[in-house]
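Working notes, structure below.
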Amino acid sequence: MKPTEKPRVAVRSRAAAAPKRAERRLVGIPVAPGIGIGPLFATSEARPEVPRLTVAAEAVEAEVARLDVAVRASRKQLGKLRERLAALPDDISTELDPLMEAYQRMLAPGRLLRGAHKRVEARQNAEAAISDEAEALAAAFLAGTDQAAARHAEEVREVARRIVRNLTHTPFRSFAGAPEGSVLLAEWLRPSDAALLDPAKLVGVATEEGGADGHTAVMLRALGVPAVLGAAGLTGSVRPGALAIVDGSDGVVILDPTPATITQARRRIAEHAGELKKLSRLRGLPAVTTDHVPIELQANLELPVELKLVARSGAAGIGLLRSEFIFMNRDDLPDEDTQAELYRSVIAAMDGDPVTIRVLDWGGEKEIEALEQEGLVPAVAGDNPALGLRGIRLLLRQPELFETQLAAILRAANAGPTRVLLPMVTALSEVREAREVYERVIRRLRRRGETLPAIIPPLGIMIETPAAALSADAMALESDFFAIGTNDLSMYTLAIDRGETDLTQLYDPLHPAVLRLIQFATEAALRVRKPVSVCGEMASNPRWTKLLLGLGIRSLSMNAASIPRVKQAIRALSMDECIRFARRVMELADPAHIAREFEDFEREE
Ligand code: PEP
Ligand code: MG
C-alpha cells in the first residue's frame with residue numbers, strides 16, 4: 001500500500017459505494033427469535049473520550065496496574081477475534097488476519113507499552129499516556145519512508161483506542177445514532193449496553209462475541225429484538241449501510257442478501273407475525289395441564305420498557321425483577337426514595353399479582369460504574385470475576401447499599417404483594433446474616449414511623465450455585481422460597497462461562513448433573529412446603545416444560561415473549577405424562593441419551 005492510500009479500516013468503512021458483494025451467511029447463536037431486515041448500523045468511527053489528569057505520586061503504581069489490566073483485556077479480545085477468524089471462509093480471513101496480527105504485535109511488550117508506562121511514571125493518567133504514546137508513534141511512522149506508514153499509523157491509533165475503551169469502559173459502539181429500522185452490529189455488547197438499546201428503532205442485533213445465556217442474551221430476549229450473537233467474521237468485513245438479515249430463530253446473519261433471499265425472509269416475517277397473533281389468543285386462557293393442574297407463569301423483568309410486553313403476555317406477576325438495571329448507566333447510586341418509587345411503579349402496574357424483587361446481583365459480567373465510582377467495589381476485578389465478589393457477598397460487605405435497597409422494597413411493598421430474593425447464595429450463614437439485616441431494616445423503618453405492609457415480603461433465595469442446590473434441605477428451612485436460576489447453576493456446575501461463544505455447545509442445562517441439582521433442590525423445598533420456581537432461561541423453552549413439571553415445578557418465570565409458547569405447551573401436556581417422562585430422563589447419565597429421550601417424546605406426540 002502506498003503512503004498516500006487510505007488505511008484499510010477507513011477503506012472498509014467507506015465501502016458503501018463499492019460494487020455489490022455476493023451474499024454471505026454467517027452462523028451464530030440464536031438468542032432472540034424473529035427475523036429483521038435492515039441496513040447495518042456499525043459505528044466503528046466512534047472515539048472514546050480521553051480524560052487528562054495528573055496522577056498523585058502514591059497512585060502511580062495503581063495507575064500502571066490499571067493500564068496493564070486494560071492491555072490484557074485488549075489482548076484477550078483480539079486473541080479471541082483472531083481465533084474465530086481462522087474458522088471463516090478464506091476470503092474473509094485472509095483479508096482480516098494481517099490486520100489482527102498487526103494489532104496483536106502492537107499489544108506485545110514493545111515501544112507502545114514501554115512508552116505508555118514511562119508516561120504514567122511521569123504522572124500522566126493511563127488513558128492520556130497510551131493515547132499520547134500512540135500519537136507519537138503514528139507521527140514517527142508518517143515521518144519515515146515506509147510505504148505502509150499510513151496503515152501502521154492508523155493501526156497503532158486503533159490499538160490505543162481499544163485500550164482507552166477498556167480503561168474507560170466505553171462501549172465499543174455508540175448506539176445513540178442508530179437509524180430507525182436498522183440492524184445493530186457490534187463486536188460485543190455488555191449487558192449495560194444492551195440496556196441502552198431502543199427496541200423500537202432496531203430490527204435486529206448481531207454480534208461477534210457472546211453466549212447463549214449470557215446477560216446480554218437475556219436482555220436482548222427481553223427487548224424482543226431478533227438477535228444472533230457469536231457470529232464470527234461479522235465486524236471488519238461488513239459495509240455499514242449494507243443490507244443485512246438477522247434470523248434470530250435459526251441463528252444466521254445474512255449480509256448483502258440477494259432479492260430471492262429477501263423475499264424469502266419477508267415471507268418468514270409474515271409467518272412469524274401470524275404465529276404471534278395466534279399465540280396472543282392464549283392470553284386470557286389459564287395455564288393448566290390437560291388433567292387440570294394449574295401452573296403459575298410469570299415474567300422476568302430487567303428493564304422498565306418491558307412492562308408493556310409483560311402486560312401483553314398474560315403473565316401472572318413478575319417472578320424475577322433483576323434490579324441491576326436501576327443501578328446501571330448512571331453516575332451515582334439511586335437513593336432509597338428513587339428506588340422505592342421505581343419498585344412501587346412496577347408493583348402497582350402488576351395490579352395485585354405478585355412481584356419478586358431480586359436485590360442487586362453485581363459481579364461477573366454485570367458492570368455498574370456507579371458502584372466503582374463510590375468505591376464499593378474494586379475498580380480492577382479479580383482474574384476470575386464470576387468466582388469473586390458477587391451478589392449477596394457484596395451486599396453483606398456493603399450493608400448500607402443492602403439496607404437502602406431493602407428499605408425501598410419494604411416501603412414499595414405497600415402497593416401490592418412482593419417478595420425479596422437473594423442472589424448468588426452459597427452458604428447458610430449468608431441467608432441468616434441477610435435475614436438479620438432485613439429484620440434490622442424493618443425495625444428501623446417502624447421506628448421512623450413508616451407504614452409497612454400487613455404481610456412482610458417473604459425472603460427467598462436463588463438456587464444458582466451447586467453449593468446452594470446441594471444444601472437445599474438446610475436452605476429450605478432458613479428461607480421462605482426458592483427461585484432456581486438455571487443460567488448460573490449450569491455455568492457453575494459445568495464450569496462453562498454462560499457468555500462464552502466457542503464452548504456454547506457444552507453449556508447444556510439438560511446435562512444430568514444440572515438436572516439432578518434441580519431435582520434435589522425442588523424436592524427439598526416441596527418436602528417442607530416452601531414455594532419453588534424456575535426463573536433461569538430454561539423456564540422459557542417450551543420443549544423443556546414437561547421435564548420441569550415432571551420434576552415437581554409448578555411455577556415458571558421467563559422473558560415475557562416466551563410465556564404464550566410455554567402456556568401452549570402446558571395446555572397440551574398431562575401431569576401424568578410429565579412425571580413419567582421426568583422419571584425416564586432422571587435415570588439417564590449421558591446428555592446424548594437425554595437429548596434422544598426428548599426427541600422420542602416429541603415424535604410420539
Ligand atoms: C440465573 O442465573 O439463572 C438467573 C436467573 O440469574 P441471572 O441470569 O440474572 O444471573
Ligand atoms: Mg444468576
Side-chain angles (χ1 to χ4, degrees), residues 31-32 189-192 194-195 210-223 229 297-303 306 318-328 355-368 385-395 419-426 430 460-469 472 481-500 507-511 513-515 517-518 521-522 532-541 544 548 553 555-560 562 566:
V31 302
L189 287 178
R190 296 166 215 266
S192 52
D213 279 349
H215 291 101
T216 302
V218 168
M219 303 281 252
L220 291 169
R221 248 184 307 257
L223 292 172
L229 303 188
L297 293 187
Q298 296 186 312
N300 291 352
L301 189 95
E302 20 294 305
L303 296 166
E306 288 172 69
I318 291 175
L320 171 66
L321 185 149
R322 290 178 164 100
S323 63
E324 291 80 63
F325 73 81
I326 294 169
F327 296 81
M328 279 176 178
V355 176
T356 300
I357 302 177
R358 187 177 68 188
V359 285
L360 180 64
D361 180 19
W362 176 84
E365 44 175 354
K366 297 175 192 168
E367 283 178 22
I368 297 174
L387 303 181
L389 190 66
R390 267 200 72 171
I392 191 68
R393 299 174 188 169
L394 172 73
L395 294 173
R419 307 195 301 176
V420 180
L421 180 57
L422 306 174
M424 288 301 301
V425 169
T426 53
E430 291 166 336
I461 63 168
M462 293 285 296
I463 300 286
E464 54 183 342
T465 62
F481 65 94
F482 283 173
I484 303 180
T486 50
N487 309 336
D488 279 316
L489 189 59
S490 306
M491 169 165 102
Y492 291 115
T493 306
L494 303 173
I496 306 271
D497 189 333
R498 56 193 271 193
E500 177 57 65
Y507 175 88
D508 177 14
L510 291 183
H511 190 293
V514 180
L515 296 181
L517 291 174
I518 296 174
T522 305
V532 53
S533 63
V534 171
C535 63
E537 292 302 292
M538 199 175 177
S540 65
N541 189 332
W544 299 350
L548 295 176
I553 295 292
S555 173
L556 299 165
S557 190
M558 65 201 79
N559 64 78
S562 296
V566 172

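Order of appearance sets the numbers: ligands from 1, and atoms from 1 within every ligand. Everything numeric in this text was worked out from a predicted model, so none of it was measured. Values below: all heavy atoms of this structure, side chains included; hydrogens, waters and symmetry mates excluded.
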_Derivation of the side-chain contact (heavy atoms from CB on, under 4.5 Å) call for I553 and T522_ = CA-CA 7 Å; I553 295 292; T522 305; 3.6 Å; yes
For [X], the ligand 1 atoms whose distance to one of its heavy atoms is below 4.0 Å:
X    : value
G485 : 1 (C), 2 (O), 3 (O)
E464 : 1 (C), 2 (O), 4 (C), 6 (O)
H215 : 7 (P), 8 (O), 9 (O), 10 (O)
M462 : 4 (C), 5 (C), 6 (O)

*asked:* If you take the nearest heavy atom of each of R358, M424, M219, E537, which one is closest to atom 6 (O) of ligand 1?
replied: R358
*Within 45° cone and under 6.0 Å: R419 NZ/CZ vs F481 ring*: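 Yes, cation above the ring, under 6.0 Å and within 45°.
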Would you compute the distance between atom [atom1] of [X] and atom [atom2] of [Y] and round it to the nearest 0.5 angstrom?
X    : Y    : atom1 : atom2 : answer
I463 : F482 : CD1   : CZ    : 4.0 Å
L297 : S555 : CG    : OG    : 8.0 Å
L320 : L301 : CG    : CG    : 8.5 Å
M424 : L395 : CE    : CG    : 11.5 Å
M491 : D497 : CE    : CG    : 6.0 Å
I518 : L548 : CD1   : CG    : 6.0 Å

*Which residue holds the protein heavy atom closest to atom 5 (C) of ligand 1, what is that atom called, and what is the gap in Å?*
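Nearest protein contact, heavy atoms only, for atom 5 (C) of ligand 1 is R322 NH2, 3.4 Å.
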*asked:* Just to be sure I understand the site: which N, O or S atoms from the protein are less than 2.8 Å away from the Mg ion (ligand 2)?
replied: E464 OE1, D488 OD2
*asked:* Walk me through whether D488 and T465 qualify under side-chain contact (heavy atoms from CB on, under 4.5 Å).
replied: CA-CA 7 Å; D488 279 316; T465 62; over 6 Å; no
*Can an N or O of R498 be found at a distance shorter than 3.5 Å from an N or O of ligand 1?*
yes
*State if L320 counts as touching ligand 1 under the rule of any non-hydrogen atom under 4.0 Å.*
yes
*Determine whether any heavy atom of E302 lies closer than 4.0 Å to an atom of ligand 1.*
no
*Side chains of H215 and R498: do they bring a donor and an acceptor to under 3.5 Å?*
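Yes, R498 and H215 have a side-chain donor paired with an acceptor closer than 3.5 Å.
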